[in-house]
Amino acid sequence: MTEILPRVEVRRTYKLYVGGAFPRSESGRSYPVTSADGIHLANAALASRKDVRDAVVAARKAFPGWSGRTAYNRGQILYRVAEMMEGRREQFAAEVAAADGAGPARARALVSAAVDRWVYYAGWTDKIGQVLGGANPVAGPFFNLSEPEPTGVVGVLAPAGSSLLGLVSVLAPVIAAGNTAVLIADERAPLPAITLAEALATSDLPGGVANLLTGRLAELAPPLAGHADVNALDLAGAGDLAAELEELAATTLKRVLRPGPQDDWTDPDPGLTRIRPFLEIKTVWHPIGR
């Protein structure tokens, strides 16, 4: 009888997610990720300023195709992402429990809320225009129509302390509105973000629509906020850096969504609060023929 030898666990070094691929940081650096109680879990890529620039290039390249799709098609694709997340429930639950220090039941509830939140925003894609746009009453022989359009590339700072639900709550509305995103994951708990990236990569989401970086917020956020090809910022996870990042964003007139004093990621009906800031309203005047 063949003796079964003790198995050596496969240790992972997680990579970045840029342009639909999983590259290492151009610097070759990584850093240890530990659980809420200090147990080593894995290593994550320590992204650099160059990785930020590469992610912005990928997001800009993907923007015309993603924003040009029909809203219905974007909703289908985002729903497919939710399906892939559902298939990874156990992995997500284990990672959320380790990252957030939650018990098994609480972790599973947070994963369920995150999947439901993704479905929620998938359902908004083809309804945004009706809610935020429409015909305007004017006095004259012409029509006046307003239509919301995506603003472009959005830099997103994932909130700390909510490794999956908070992450989904800031990423999903940005891309549901037709924007592309460069997201900096929670520095202390990045593993659910990279697992989400694996779900994105195996769905129908085009490469470059969502790009996820892991590493030090203080190193990555300033070059993202000051990048001239980034159109808007969600500073949900900015913490003490918020004022500095707003100043950097002002140099290129970016739209900025400031962190709320008490953002409630468990709110079952967040509405358009994280969609509206990343849309432009286009108004068209059209004469009426006589």
Side-chain angles (χ1 to χ4, degrees), residues 16-19 25-26 46-64 66-67 121 128 132 148-162 166-188 190 193 208-263 265 270-282:
L16 309 174
Y17 182 58
V18 177
S25 170
E26 62 85 28
L46 190 60
S48 68
R49 297 168 64 94
K50 174 64 163 57
D51 295 314
V52 171
R53 294 195 295 270
D54 290 345
V56 173
V57 169
R60 177 58 62 192
K61 182 178 180 180
F63 176 68
W66 181 242
S67 62
Y121 282 116
I128 297 170
L132 298 182
E149 293 187 340
T151 193
V153 176
V154 181
V156 182
L157 308 187
S162 185
L167 169 75
V168 166
S169 298
V170 295
L171 176 62
V174 167
I175 60 178
N179 300 290
T180 55
V182 176
L183 182 139
I184 300 175
D186 181 3
E187 179 178 343
R188 190 194 63 78
V209 171
N211 305 273
L212 283 82
L213 304 176
T214 57
R216 299 190 183 101
L217 183 65
E219 181 179 358
L220 303 178
L224 181 63
H227 199 297
D229 210 20
V230 173
N231 303 105
L233 290 176
D234 184 341
L235 299 180
D240 295 338
L241 293 173
E244 174 190 346
L245 298 178
E246 284 191 70
E247 289 183 12
L248 287 169
T251 62
T252 51
L253 304 179
K254 290 179 176 60
R255 288 174 173 260
V256 175
L257 180 60
R258 297 176 175 87
Q262 291 181 323
D263 285 319
W265 308 118
L272 294 171
T273 55
R274 307 200 87 84
I275 290 180
R276 193 190 305 267
F278 306 118
L279 292 171
E280 308 283 349
I281 302 299
K282 179 180 71 175

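As the structure is a computational prediction, the values presented were derived from the model and not from experiment.
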Residues forming a side-chain contact (heavy atoms from CB on, under 4.5 Å) with [X], sequence neighbours excluded:
X      : value
Ala158 : Leu167, Leu183
Ala172 : Trp118, Tyr121, Val168
Leu217 : Leu157, Ile184, Glu187, Ala221, Leu241
Pro190 : Tyr31, Val33, Ala44, Ala185, Thr214

Polar contact flag, side-chain donor to acceptor under 3.5 angstrom, Lys254-Thr252: yes

Strictly distance-based, threshold 3.5 Å: is any side-chain N or O of Asp186 a donor or acceptor partner for the main-chain N or O of Ala160? no

I'd like to know if the side chain of Asn211 reaches the main chain of Gly19, judged simply by a donor and an acceptor atom lying under 3.5 Å from each other, with no hydrogens or angles considered.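 Yes.
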
Residues in salt bridge (charged side-chain N to carboxylate O under 4.0 Å, His left out) with Lys282, at least two apart?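 Lys282 satisfies salt bridge (charged side-chain N to carboxylate O under 4.0 Å, His left out) with Glu149 once adjacent residues are dropped.
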
Who passes salt bridge (charged side-chain N to carboxylate O under 4.0 Å, His left out) against Glu26, sequence neighbours left out?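 Glu26: no salt bridge (charged side-chain N to carboxylate O under 4.0 Å, His left out) contacts found.
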
Does Thr151 have any side-chain hydrogen bond (donor to acceptor under 3.5 Å, both in side chains) partners at least two apart in sequence or in another chain, and if so, which? Glu280

side-chain hydrogen bond (donor to acceptor under 3.5 Å, both in side chains) filter on Thr180, not counting sequence neighbours, yields none

To check you understand the geometry: which heavy-atom pair defines the closest contact between [X] and [Y], and what is its length?
X      : Y      : value
Ala181 : Leu171 : CB-CD1, 3.7 Å
Gly152 : Asn179 : N-OD1, 2.9 Å
Leu235 : Pro259 : O-CB, 3.4 Å
Leu248 : Thr251 : O-OG1, 2.6 Å
Leu220 : Ser48  : CD2-O, 3.6 Å
Ser25  : Leu46  : OG-O, 3.0 Å

Can you find a pair of side-chain heavy atoms, one from Leu279 and one from Ile128, that are under 4.5 Å apart? yes

Keeping to residues at least two apart or across chains, list the salt bridge (charged side-chain N to carboxylate O under 4.0 Å, His left out) pairs with something in [range].
range            : value
residues 209-221 : Arg29-Glu219, Arg216-Glu219
residues 226-239 : Arg60-Asp229, Asp234-Arg274
residues 237-248 : Glu246-Arg258

Can you tell me how far CG of Leu224 sits from CG of Leu245, rounded to the nearest 0.5 angstrom? 8.5 Å

Check step by step if side-chain contact (heavy atoms from CB on, under 4.5 Å) holds for Val182 and Val230. CA-CA 9 Å; Val182 176; Val230 173; 5.9 Å; no

Enclosure of Arg49 CZ (heavy-atom neighbours >12, cutoff 6.0 Å): no

Name all residues meeting the ring-ring contact (aromatic ring centres under 6.0 Å, His included) criterion together with Tyr17; count only those two or more places apart in sequence or in a different chain, and write none if there are none.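 Counting only residues at least two positions away or on another chain, Tyr17 forms a ring-ring contact (aromatic ring centres under 6.0 Å, His included) with Phe22.
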
Does the pair Leu213 and Val52 meet the rule for a side-chain contact (heavy atoms from CB on, under 4.5 Å), with working shown? CA-CA 8 Å; Leu213 304 176; Val52 171; 3.8 Å; yes

Decide yes or no on side-chain contact (heavy atoms from CB on, under 4.5 Å) for Trp265 and Val170, but give the supporting numbers first. CA-CA 9 Å; Trp265 308 118; Val170 295; 3.8 Å; yes

